[in-house]
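Inspection log for the structure reproduced underneath, given as structure tokens.
Note that the structure is predicted; figures quoted are calculated from it, not measured.
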Amino acid sequence: MSQPNTSTILFARGVMARLQTWSVMRAAIQEGWGGSKSISQSKSTWLASSIVDAFEEAPSTEIPDDQYIEQMLLQVMADEFDVVLEDGSSESVAVDICKMWDETRAGGDDSLLVRKFEKEAQKLEGKKMELVKGAVEEGKEDEEWVSSDEESDGEEEDDGEEEPELMQVDSPKLPQKLEPIIDEDGFTLVQKKGKR
């Protein structure tokens, strides 16, 4: 097996860094959705390796596109981490990976995108995340996750969406308990319990 060229190494570093900055993957590793933390981390590394292999082994006329990579991300998250993603964040990750491939193939030993994601990954390293609320919305993946070192003023932000109103449901009518009938002498009249 021959040594990988510098553009392949640069691309692999970029893919690893992009997966490390993806909030869903960070949460999956931190919370051990794919097993223990170390197993989840190794699954992330395996995913990065699979993505690099998909590009490296493809004929030059059939390079994977962002939709292929997105499906790959979704499939691995479902199979390996038991997570079904519906937030759209996998699309932006796939687009970034495809852009990195193009940048690293353009030549040179440097890529702006790779540097950007490596810097972000370095900043996020060791920071713990906590889930603030529900699912991550498309295009707002980082807003829903808060690093534990970020300060919070305890107020919830209004995201502009109205909360759905609860529907009024009529409860089934229970037979009303009959009030005792007291006659003029003070005796209680015995009544039948109902129709049978």
Distance check, rounded to the nearest 0.5 Å: M77 atom CE versus L74 atom CG? 9.0 Å
Residue pair K128 / Q30, side-chain heavy-atom distance below 4.5 Å: yes
Could you walk me through whether T6 and T104 satisfy the side-chain contact (heavy atoms from CB on, under 4.5 Å) test, starting with their C-alpha distance in whole Å, then the side-chain angles of each, then the deciding distance to 0.1 Å, before giving a yes or no? CA-CA 9 Å; T6 56; T104 57; over 6 Å; no
So which atom in F55 and which in P64 form the shortest heavy-atom distance, rounded to 0.1 Å? CE2-O, 3.5 Å
Checking E56 now: which residues fulfil salt bridge (Lys or Arg N to Asp or Glu O under 4.0 Å) with it, not counting sequence neighbours? R105
When every non-hydrogen atom of V24 is compared with those of W33, the smallest separation belongs to O-CZ3, 4.1 Å
Intermediate values then yes/no, side-chain contact (heavy atoms from CB on, under 4.5 Å), Q20 and L124: CA-CA 8 Å; Q20 290 170 354; L124 295 172; over 6 Å; no
Heavy-atom closest pair, residues K37 and I29: CG-O, 3.6 Å
Are I63 and V95 connected into the same hydrophobic cluster when the rule is that any two of I, L, V, M, F, W, Y join if their side-chain heavy atoms are below 4.5 Å apart? no
Side-chain touch E103/L112, heavy atoms, less than 4.5 angstrom: yes
Cluster check M16, I51: I/L/V/M/F/W/Y, side chain < 4.5 angstrom: no
Any donor-acceptor pair under 3.5 Å linking the side chain of K43 with the backbone of G34? yes
Check whether the side chains of W22 and S89 place a donor and an acceptor atom closer than 3.5 Å, and report yes or no. yes
Taking atom CG of L85 and atom CG of L73, what is their separation to the nearest 0.5 Å? 8.5 Å
Report yes or no: do T8 and N5 form a side-chain donor-acceptor pair below 3.5 Å? yes
Mind checking ring-ring contact (aromatic ring centres under 6.0 Å, His included) for F117 and listing every partner two or more places apart, or none if nothing turns up? none
Side-chain donor/acceptor of T45 to backbone N/O of Q41, under 3.5 Å: yes
Would you say that I182 contacts F187 through its side chain, given a criterion of any heavy-atom pair below 4.5 Å between the two side chains? no
M25 and L47, any side-chain heavy atoms less than 4.5 Å apart: yes
Here the gap from L10 atom CG to M100 atom CE, rounded to the nearest 0.5 Å, amounts to 9.5 Å
Do the non-hydrogen side-chain atoms of E80 and Q75 ever get within less than 4.5 Å of each other? no
Got a sec, which pairs hit side-chain hydrogen bond (donor to acceptor under 3.5 Å, both in side chains) with one end in residues 62-72, sequence neighbours left out? E70-S90
Side chains of T188 and D183 in contact at under 4.5 Å (non-hydrogen atoms): no
State, to 0.1 Å, how close K123 and K127 come at their nearest heavy-atom pair, and which atoms those are. O-CE, 3.2 Å
Is S50 reaching over with its side chain to a backbone N or O of W46, donor-acceptor style, under 3.5 angstrom? yes
